[in-house]
Amino acid sequence: MITTSLFLGFSTGLSLIVAIGAQNAFVLRQGIRRERVLLTVTLCALSDVVLIFAGVTGIGIVVEQAPWILTIARIGGAIFLVSYAFFALRRTIAPSGMESSSTPSPTTAWSIAGTALMLTWLNPHVYIDTVLLLGSIGASQGEESGAFAVGAMLASVLWFSALGYASRFLSRFFAKPSAWRVLDGLICIFMLAFAIMLLAPLFTS
């Protein structure tokens, strides 16, 4: 029974986290640049572990009973995503921003840590999927909820590790400035799309 719950948590967590999102796009870019990958992966995975634990232990009920938390997260997240999209667009346009992955421009650990944390904690879908959805499924496992949580946490750690470190094999392709233009252009589009999706429920409800 523990094995079943562990696998259920792993498969459910993986199916939710693999979907393309702002957080994954950031981890992918850092991995390709080989820039503070361990820091990026650690913060994203650790954040997921905390959120999964919160959901399974019932803290998700607080979020469900206080919808204003998600509203604030939506607005704050949208503002941050639009800002991130602007910088991605600037990197796409400005030739000076197109360094190869082997000689990336130095970025401070604080800047990368702040970006990773904001892309995680200002995303309301994290609270909906990780805290509420995973939390409710985990709670339904009864005494095996702990095994479910461990499975989901394991999926998160493995996914971010794979995304961050496996993406470095693309570095040869991204040695060309034109490849970085394409990647940053796509990131800009994705970030703007995510921002619109975050704000849409506020105008349709």
Side-chain angles (χ1 to χ4, degrees), residues 16-55 59 63 68-94 96-101 103-131 153 156-168 170-171 174 180 183-199 202:
L16 291 175
I17 198 173
V18 166
I20 295 176
Q23 186 186 47
N24 285 340
F26 178 70
V27 175
L28 177 65
R29 190 175 194 280
Q30 293 305 114
I32 293 173
R33 289 172 60 89
R34 300 186 182 186
E35 182 181 50
R36 302 189 188 276
V37 179
L38 178 60
L39 174 63
T40 304
V41 169
T42 299
L43 288 176
C44 290
L46 185 60
S47 294
D48 257 22
V49 167
V50 172
L51 289 165
I52 292 170
F53 177 80
I59 298 179
V63 176
W68 59 269
I69 295 178
L70 294 181
T71 299
I72 293 177
R74 287 185 187 279
I75 296 174
I79 293 174
F80 180 75
L81 288 175
V82 170
S83 300
Y84 196 92
F86 169 76
F87 289 112
L89 178 61
R90 191 173 68 174
R91 290 194 302 266
T92 302
I93 297 174
S96 60
M98 297 295 109
E99 300 87 356
S100 69
S101 58
T103 57
S105 59
T107 305
T108 66
W110 285 109
S111 175
I112 292 176
T115 300
L117 291 174
M118 284 189 283
L119 286 174
T120 301
W121 294 90
L122 288 180
N123 180 7
H125 292 294
V126 167
Y127 299 98
I128 295 173
D129 293 341
T130 306
V131 178
M153 292 174 183
S156 178
V157 172
L158 291 179
W159 168 252
F160 283 121
S161 298
L163 186 63
Y165 287 100
S167 58
R168 66 177 53 195
L170 297 173
S171 59
F174 281 95
W180 279 105
L183 178 63
D184 281 321
L186 290 175
I187 288 177
C188 175
I189 294 173
F190 281 138
M191 295 301 173
L192 289 176
F194 296 144
I196 293 173
M197 287 189 291
L198 287 184
L199 294 176
L202 299 181

**Request:** For Leu158, enumerate each residue passing the side-chain contact (heavy atoms from CB on, under 4.5 Å) test, keeping only those at least two apart in sequence or located in another chain.
**Result:**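 For Leu158, the residues satisfying side-chain contact (heavy atoms from CB on, under 4.5 Å) (neighbours in sequence not counted) are Phe10, Leu154.
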**Request:** Start with the C-alpha distance between Leu43 and Thr120, add both sets of side-chain angles, then the distance that settles side-chain contact (heavy atoms from CB on, under 4.5 Å), and finish with yes or no.
**Result:** CA-CA 9 Å; Leu43 288 176; Thr120 301; over 6 Å; no
Once you round to the nearest 0.5 Å, how far does [atom1] of [X] lie from [atom2] of [Y]?
X: Phe86; Y: Cys188; atom1: CZ; atom2: SG; result: 10.0 Å
X: Leu46; Y: Met153; atom1: CG; atom2: CE; result: 10.0 Å
X: Thr42; Y: Arg36; atom1: OG1; atom2: CZ; result: 13.0 Å
X: Ile75; Y: Leu202; atom1: CD1; atom2: CG; result: 6.0 Å
X: Leu117; Y: Gln23; atom1: CG; atom2: CD; result: 9.5 Å

**Residues Asp48, Phe160; criterion side-chain contact (heavy atoms from CB on, under 4.5 Å); working and verdict** = CA-CA 10 Å; Asp48 257 22; Phe160 283 121; 3.8 Å; yes
For [X] versus [Y], what's the shortest heavy-atom pair and its separation?
X: Thr40; Y: Phe26; value: CG2-CE2, 3.7 Å
X: Gly31; Y: Val37; value: CA-CG2, 3.9 Å
X: Leu39; Y: Ala109; value: CD2-O, 3.6 Å
X: Val50; Y: Trp121; value: CG1-CH2, 4.0 Å
X: Glu35; Y: Gln30; value: O-NE2, 3.0 Å

**Message:** Does this structure show an ion pair linking Arg90 with Asp184, if we count only N-O contacts that are shorter than 4.0 Å?
**Reply:**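 Between Asp184 and Arg90 there is no salt bridge, as every charged N stays at least 4.0 Å from the carboxylate O atoms.
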**Asked** Would Ser156 and Val49 satisfy side-chain contact (heavy atoms from CB on, under 4.5 Å), going step by step from the backbone distance to the final call?
**Response** CA-CA 8 Å; Ser156 178; Val49 167; 5.6 Å; no
**Asked** For the side chain of Ser167 and the backbone of Gly164, is there at least one donor-acceptor N/O pair under 3.5 Å apart?
**Response**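 It does hold such a pair.
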**Message:** Between Asn24 (side chain only) and Ile17 (backbone N and O only), is there a donor and an acceptor less than 3.5 Å apart?
**Reply:**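 Answer holds: yes.
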